[in-house]
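Here is the structure we will look at, set down as structure tokens.
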Amino acid sequence: MSFYTFEPATARLNRSELAVPGSQPQLFEKAAQSDVDVVFLDMEDAVAPDDKEQARKNIIEALNDIDWGTKTMSIRINGLDTHYMYRDVVDVVEQAGERLDLIMIPKVGTASDVYAIDMLVTQIEDAKGLKKRIGFEHIIETALGMQNVTEIASASKRNESLHFGVADYAASTRARTTVIGGVNPDYAVLTDAAADGSRDVHWGDMWHYALARMVVAARANGLRPIDGPFGDFSDSDGYVAAAKRAAVLGCEGKWAIHPSQIALANQVMSPSDAEVDKANRILEAMTQAAAEGKGAVSLDGRLIDYASIRQAEVLVEKAKQIADN
Ligand code: GLV
Ligand code: MG
């Protein structure tokens, strides 16, 4: 390990994160009853300019009055380039800060954006005597945010997670998309001709680089990388495929823009019984190996070593978090 250490973010289950427009209070109860890990009540892009003020009021009321159980509660504030943002922070933290766990900052572009909100939240917490420190979730969804993702990730002790906002990222980079979070058939490799002259088209994942870059910045700073929205909520297979790709890269959660996506995210982002069982067997085999003075042994015909222990521990820890939830 490096001599450099970092403090890991507050541990939370973040397999699924449900977007709920603040302008639609009729959806709040259902969100509170759902199996989602994190709810974010939105004041930004799901809310029209004329509804912003009412949405803010709805959210304050909902945080104070609805029983959200053990869910992690977040609000998505408006961007720093709008005049809504300061009131989103001031009003909601002042009036409902006790039940607020996280603030989601959209279109974050630089470390200074984070610093500005940190200062504001710190003053409100102090003035109100709030005991619990509110954490930050950042949506990496612009070319600027991606360029500065490393600095953003380390810009505040409040930072907990980075989210890939694929819809705005596509707009910002002028990517040619089809549906939000979907893949584009033009991002493909054409194989060389086979003996019979036929050629195959292999679709690629146009989001791979962006997501992988964000995962590295998040993990290098002890934060959770979370994959963002998948727009076609009637396509559960497409959602699961996207969630699996994100999980394979290291993401530990994915957004749900519709309640039907919650169970899918929870399932993909939870280790299976077989995986946990294997992890426990790896830990047992390595304990035995250590007792015999060996650094590496074989299990089921495969080499395992100290790196396998660390991977197994991550899995077992995640399973414990889920069981304790
Ligand atoms: C989320 O905010 C996105 O733009 O994808
Ligand atoms: Mg966005």
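First listed ligand is number 1; within each ligand, the first listed atom is number 1.
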Return yes if some donor-acceptor pair links the side-chain N/O of [X] with the main-chain N/O of [Y] below 3.5 Å, else return no.
X	Y	answer
K132	L130	no
W203	D186	no
N148	E151	no

query: Got a sec, which hydrophobics cluster with L315, joining ILVMFWY side chains under 4.5 Å apart, including via others?
result: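 Its cluster partners, ordered by chain and number, are none at all.
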task: Please indicate how many protein N/O/S atoms are found closer than 2.8 Å to the Mg ion (ligand 2), with waters neither displayed nor included.
output: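 My tally for this metal is 2.
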message: Under 6.0 Å between ring centres: does that hold for W255 and F230?
response: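 Between F230 and W255, which both carry aromatic rings, the centre distance is not below 6.0 Å.
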- request: Would you list the pairs meeting salt bridge (Lys or Arg N to Asp or Glu O under 4.0 Å) in which at least one residue belongs to residues 50-75, sequence neighbours left out?
  value: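 Every salt bridge (Lys or Arg N to Asp or Glu O under 4.0 Å) pair that includes a residue of residues 50-75, provided the two are not neighbours, is R56-D88.
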Short N or O separations between ligand 1 and the protein, below 3.5 Å:
from     : atom 1 : to   : atom 2 : distance (Å)
ligand 1 : 2 (O)  : R76  : NH1    : 2.9
ligand 1 : 2 (O)  : E141 : OE1    : 3.0
ligand 1 : 4 (O)  : E141 : OE1    : 2.9
ligand 1 : 4 (O)  : D168 : N      : 2.9
ligand 1 : 4 (O)  : D168 : OD2    : 3.0
ligand 1 : 5 (O)  : V166 : N      : 3.1
ligand 1 : 5 (O)  : A167 : N      : 2.8

query: S23 and Q54: side-chain hydrogen bond (donor to acceptor under 3.5 Å, both in side chains), yes or no, with the steps?
result: CA-CA 7 Å; S23 49; Q54 187 57 49; over 6 Å; no
message: Which label fits F233 and H258: parallel for a plane angle under 30°, tilted from 30 to 60°, or perpendicular past 60°?
response: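 The arrangement is parallel - the two ring planes meet at less than 30°.
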query: How are the rings of F136 and H138 set to each other: parallel, tilted or perpendicular (split at 30° and 60°)?
result: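 Ring orientation of F136 relative to H138: perpendicular.
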